[in-house]
Amino acid sequence: MEPLDAALRTAAARTRWATAIAAMLTIATMLGAWWLYERRKRNVGARAELEAEVARRTAELRATADRLQIEVEQREASDQRFRQAREELAHANRVGSIGTITASVAHEINQPVAAIRTFADNAAAFLDRGEPARAANNLQSIVDLTSRIGTITAGLRRYARRGAGSIGPVALDEAIDGVRLLIGDRFRAKGVTLDLPNGPEARLTVIAGRVRLEQVLVNLLQNALDAVADRRDARVSVTVGRKGRDVVLTVADNGPGIEADIADHLFTPFATSKRTASASASASRATS
């Protein structure tokens with residue numbers, strides 16, 4: 001027989017510990033389950049907020065894209081209107097210049113016409129005398145002169161034509177010769193010396209629009225002529241040089257130059273110094 005008190009106390013202690021551990025495990029399990037539930041609930045809420053934010057940002061981006069598309073279309077339309085207006089202004093400028101250069105063109109045409117009349121009369125006389133070979137030479141000269149007249153009138157039509165033409169290779173000597181036909185008589189009438197390039201540089205080819213290039217040259221030469229009109233030793237020169245891959249064409253005169261008060265605004269649209277200043281040394285560049 002043994003006393004049971006010690007064994008009962010040990011069993012009671014073990015029972016209390018087991019109960020405490022079981023209670024702690026139960027509480028821990030409940031806390032873990034609650035934490036997982038709360039975490040899942042937070043994740044669901046965060047996902048919903050994220051989806052709502054993504055939808056909001058997507059709507060904002062779509063609206064911004066629509067506004068940008070509208071602005072792009074408006075800018076393209078404005079640019080198209082600007083280009084059209086600029087071309088209309090350039091065409092009006094060319095048409096306005098035709099009145100000034102008509103006398104020069106008429107003079108250029110009058111010389112070959114007078115020569116054609118002489119060659120025709122001579123050809124008739126040679127035929128009457130039975131000299132068909134000499135008559136044929138005169139007739140060939142007439143053909144050459146009519147070709148030159150065709151070149152002059154074609155240059156005038158091209159200059160007055162609406163539109164800038166295509167961009168492509170342009171021989172500088174041909175463009176300069178076309179401008180000389182259009183404006184050369186004005187220089188002769190006012191006794192102004194016009195020096196044009198005739199060396200290898202003049203035969204360079206540039207990438208440009210033929211009509212616009214001739215218009216620039218006509219405007220520069222007219223301005224230079226106006227600038228030196230009152231000088232006794234008036235001279236205007238056109239020079240061509242190379243600078244790397246570029247061709248630099250310069251129109252210069254020995255006029256009084258551009259006054260300081262207009263120099264800063266020289267390239268402002270519609271700015272002019274015709275009353276007081278010279279449109280001297282200017283350059284037009286094109287890629288060679």
Side-chain angles (χ1 to χ4, degrees), residues 53-102 154-172 174-176 178-179 182-183 204-224 226-227 238 243-251 258-288:
E53 181 67 17
V54 169
R56 185 180 66 81
R57 293 292 297 170
T58 301
E60 291 179 354
L61 290 175
R62 186 177 294 109
T64 302
D66 292 340
R67 288 196 301 270
L68 289 176
Q69 181 64 30
I70 294 174
E71 291 180 3
V72 168
E73 292 175 355
Q74 291 176 345
R75 288 180 180 272
E76 290 178 351
S78 299
D79 183 68
Q80 184 67 25
R81 290 194 299 270
F82 168 74
R83 291 177 182 274
Q84 184 177 359
R86 184 179 63 180
E87 187 53 44
E88 291 289 339
L89 180 61
H91 177 257
N93 185 24
R94 291 195 297 271
V95 173
S97 301
I98 289 178
T100 304
I101 64 181
T102 299
L156 184 60
R157 288 196 305 269
R158 181 177 62 248
Y159 186 78
R161 188 180 300 122
R162 185 180 300 275
S166 59
I167 303 297
V170 177
L172 272 183
E174 295 180 2
I176 293 173
V179 171
L182 294 175
I183 202 174
L204 293 172
T205 299
V206 299
I207 302 300
R210 173 72 180 266
V211 175
R212 285 183 176 175
L213 180 58
E214 290 184 355
Q215 181 182 359
V216 169
L217 291 176
V218 167
N219 291 342
L220 290 174
L221 289 173
Q222 285 182 342
N223 289 341
D226 293 339
V238 179
K243 185 176 181 181
R245 291 178 53 84
D246 294 335
V247 174
V248 181
L249 187 150
T250 304
V251 177
I258 301 173
E259 294 184 356
D261 58 348
I262 193 66
D264 293 337
H265 308 285
L266 186 62
F267 294 99
T268 302
F270 309 109
T272 180
S273 60
K274 282 293 184 69
R275 293 183 178 180
T276 59
S278 156
S280 91
S282 298
S284 176
R285 301 180 57 187
T287 304
S288 65

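Heavy-atom basis, side chains included; hydrogens, waters and symmetry copies ignored.
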Query raised in the report: With E73, which residues qualify under side-chain hydrogen bond (donor to acceptor under 3.5 Å, both in side chains), at least two apart?
Result: Q69
Query raised in the report: Who pairs with S78 by side-chain contact (heavy atoms from CB on, under 4.5 Å), at least two apart in sequence or on another chain?
Result: R81
Report task. Give, for atom CD1 of I176 and atom CG of L213, the distance between the pair rounded to the nearest 0.5 Å. Result -> 8.0 Å
Query - Spatial distance of atom CG (L204) from atom CG (D246) [nearest 0.5 Å] - result: 11.5 Å
Query - Partner residues of D79 under the side-chain hydrogen bond (donor to acceptor under 3.5 Å, both in side chains) criterion, sequence neighbours left out - result: R83
Query raised in the report: Any side-chain heavy-atom pair from P169 and I207 closer than 4.5 angstrom?
Result: yes
Report task. List for me each residue that meets side-chain hydrogen bond (donor to acceptor under 3.5 Å, both in side chains) alongside R62, sequence neighbours excluded, and say none if there are none. Result -> none
Report summary line: Heavy atoms of A175 and V170 approach each other most closely as CB-CG1, 4.3 Å
**Report entry** All side-chain contact (heavy atoms from CB on, under 4.5 Å) counterparts of I70, not counting sequence neighbours
**Finding:** Q74
**Report entry** Set of residues satisfying side-chain hydrogen bond (donor to acceptor under 3.5 Å, both in side chains) with respect to E53, sequence neighbours excluded
**Finding:** R56
Query raised in the report: Looking at CD of E214 and CG of L221, how far apart are the two atoms once the value is rounded to the nearest 0.5 Å?
Result: 11.5 Å
Report task. Tell me, please, which residues at least two apart from V54 pass side-chain contact (heavy atoms from CB on, under 4.5 Å). Result -> L50, T58
Report task. Decide side-chain contact (heavy atoms from CB on, under 4.5 Å) for L249 and L217; before the verdict, give the C-alpha distance in whole Å, the side-chain angles of both, and the deciding distance to 0.1 Å. Result -> CA-CA 9 Å; L249 187 150; L217 291 176; 3.3 Å; yes
